[in-house]
Amino acid sequence: MDPRDAVVETKAAIGALGGGFMISREVRALCERHGLGTWEMYFRGRCGVLGEVDADVVLAAVVFFPAGHVRESWEGGRKLPAEEAATLYAGACHDWGRRRLAGLGNADRLAELLAAVADGADPFCAPLFAGWRAMPRPGDGLALAAHLLHVVRELRGGRHATAVVAHGLGPLDATLVGADGTGTPIPYDRASEVARFLAWPEPYPEPSAETAERRAGAEELTDDLVARAYAALGPAELAELCALLREASRVR
């Protein structure tokens, strides 16, 4: 197996498992404990690794949200300091991993393979990846696997943002074309629901054929860019990573 094939095979699992904690009971409990709304905790927690920055710095990192929504949520959550928010969010990720991945037989090995990908990757154009990679890592395998799933998800997120810009797309255009976890295009009505969830104001223009073509090109480029990090693993290790992620996706 080569690195790019492994990227394509694993991207749905990385996306789902790496971001699964964000909609978990663990994060909901954080919101309740600290009196923050869902989006306030999301931005303060996920982007707290950037420090106490202006909201435009957060927007530059998250890319796919409207500027007003980012500013409102980031500023609305300032009663929770950025560093503390990131630490709490990481803790929720770790607790989620201990619960969600409890049936995974070889979490330590999954974490080891993910660490090789994350630690060998360049941080260029991926500030959230760089920030999360620098966070303290938990000692137990289940929590560490969850942590590194998120780190590698942030790596793909940064690479995807770069690819979208390189193909001349704006964030709303890229959202409205839409794709599922495998990169397969989704219908416009489903993509519109995603745009609505991300707080983009309506009405939404229907994407042109050219926009869809550019979005497909961005997906291809994203896979190419992420594959450079997967090259830290040999063919047998890549196959092992794919197998472990398939297993992790099945455990409940």
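Not measured: the values here are computed from a predicted model.
Annotation: salt bridge (Lys or Arg N to Asp or Glu O under 4.0 Å) contacts of Asp108 (sequence neighbours excluded): none. Among residues two or more places apart in sequence or in another chain, the side-chain hydrogen bond (donor to acceptor under 3.5 Å, both in side chains) test is passed with Thr175 by none. By the side-chain hydrogen bond (donor to acceptor under 3.5 Å, both in side chains) test, Glu247 pairs with no residue at all, sequence neighbours left out. Applying the ring-ring contact (aromatic ring centres under 6.0 Å, His included) test to Phe64 and every residue at least two apart in sequence or in another chain returns His160. Ser192 pairs by the side-chain hydrogen bond (donor to acceptor under 3.5 Å, both in side chains) definition with nothing, not counting sequence neighbours. For Tyr89, the ring-ring contact (aromatic ring centres under 6.0 Å, His included) test picks out Phe21, with sequence neighbours left out. Considering only residues two or more places apart in sequence or on other chains, Arg156 meets the salt bridge (Lys or Arg N to Asp or Glu O under 4.0 Å) condition with Glu219, Asp223. Scanning for side-chain hydrogen bond (donor to acceptor under 3.5 Å, both in side chains) contacts around Arg78 gives Glu52, Glu75, with sequence neighbours left out.
With hydrogens and angles ignored, the 3.5 Å screen pairs no side-chain donor or acceptor of Arg215 with any backbone N or O of Val177.
Residues Arg190 and Pro187 are in side-chain contact: their nearest non-hydrogen atoms beyond the backbone lie under 4.5 Å apart.
With 3.5 Å as the limit, one finds a donor-acceptor pair spanning the side chains of Ser24 and Glu26.
Applying the side-chain hydrogen bond (donor to acceptor under 3.5 Å, both in side chains) test to residues at least two apart or on different chains, the pairs with a partner in residues 226-239 are Thr10-Tyr230.
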Acceptor/donor pairs from residues 118-129 side chains to any protein atom, 3.5 angstrom cut, sequence neighbours excluded:
from	atom 1	to	atom 2	distance (Å)
Asp119	OD1	Arg137	NH1	3.4
Asp119	OD1	Arg137	NH2	2.7
Asp119	OD2	Arg137	NH1	3.3

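Counting side-chain heavy-atom gaps under 4.5 Å among Ile, Leu, Val, Met, Phe, Trp and Tyr, the cluster of Leu225 also holds Leu221. Other members of the cluster containing Ile186 do not exist, because no ILVMFWY side chain is joined to it at under 4.5 Å.
Contact check on Arg196 versus Glu193 returns no salt bridge, with no Lys/Arg side-chain nitrogen under 4.0 Å from an Asp/Glu carboxylate oxygen.
Proximity of the aromatic rings of Tyr42 and Trp74 is defined here by a centroid distance below 6.0 angstrom, and this criterion is not met.
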